[in-house]
Amino acid sequence: MNFKDMMLDSVKAREFNRGQSAKIFKQVEESKKPIKVIKNSKEYMVIMEYEQYLKMMAKLNNGGLNENV
């Protein structure tokens with residue numbers, strides 16, 4: 001994975017309050033890239049596809065970084 005692939009697009013948390021959640025979820029699904037949510041000018045959370053999350057957790061476990069997950 002190169003540096004460009006690690007850069008996350010971001011959205012502001014208030015977009016969810018304005019009915020934009022479906023659009024944001026669709027963007028994540030289509031781009032296959034996680035998206036960072038910003039709240040109060042700080043990184044708040046990341047939204048990613050569940051399959052992508054499972055792959056990430058498997059890599060962490062196989063690398064011995066977290067035996068309990």
Side-chain angles (χ1 to χ4, degrees):
M1 178 178 286
N2 62 35
F3 182 71
K4 185 178 178 185
D5 291 337
M6 294 186 324
M7 297 299 291
L8 299 180
D9 291 334
S10 63
V11 297
K12 294 182 179 178
R14 67 176 172 225
E15 291 184 43
F16 285 91
N17 295 334
R18 294 181 177 166
Q20 298 296 310
S21 59
K23 176 182 159 188
I24 295 166
F25 293 141
K26 186 173 178 111
Q27 178 183 346
V28 171
E29 180 183 21
E30 290 176 352
S31 70
K32 304 293 185 208
K33 289 177 64 177
I35 195 161
K36 178 175 43 174
V37 180
I38 307 294
K39 182 176 180 180
N40 297 326
S41 300
K42 295 181 182 176
E43 288 85 0
Y44 181 58
M45 64 178 55
V46 172
I47 300 171
M48 65 188 332
E49 286 188 310
Y50 186 67
E51 290 296 321
Q52 199 174 18
Y53 167 77
L54 292 176
K55 289 178 185 177
M56 180 182 71
M57 294 308 297
K59 285 182 182 179
L60 290 174
N61 286 332
N62 291 336
L65 296 176
N66 191 347
E67 298 293 330
N68 296 324
V69 177

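Counting from 1, the numbers follow the sequence of the chain as shown.
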Original post:
To the nearest 0.5 Å, what is the distance between OG (Ser41) and NZ (Lys12)?
Top reply: 7.5 Å
Original post:
Heavy-atom distance under 4.5 Å between the side chains of Leu8 and Lys33, does that happen here?
Top reply: no
Subject >> Approximate separation, where rounding is to 0.5 Å, of Met48 CE and Lys55 NZ >> reply: 10.5 Å
**OP:** Nearest 0.5 Å please: distance from the NZ atom of Lys26 over to the CD atom of Glu29.
**Re:** 7.0 Å
Original post:
Are Tyr44 and Phe25 in one and the same hydrophobic cluster, where Ile, Leu, Val, Met, Phe, Trp and Tyr link if side-chain heavy atoms are under 4.5 Å apart?
Top reply: yes
Original post:
Which value, rounded to the nearest 0.5 Å, describes the distance between Lys32 atom NZ and Glu51 atom CD?
Top reply: 9.5 Å
Original post:
From Phe16 CZ over to Ile47 CD1, what is the distance, rounded to the nearest 0.5 angstrom?
Top reply: 3.5 Å
**OP:** Work out which heavy atom in Val46 is nearest to a heavy atom in Pro34; give both atom names and the distance.
**Re:** CG1-CB, 3.6 Å
Subject >> Closest approach of Ile38 to Ser10 (non-hydrogen atoms, all atoms of both residues) >> reply: CG1-CB, 4.0 Å
Original post:
When rounded to the nearest 0.5 angstrom, what is the spacing between CD1 in Ile24 and CG in Asp9?
Top reply: 11.5 Å
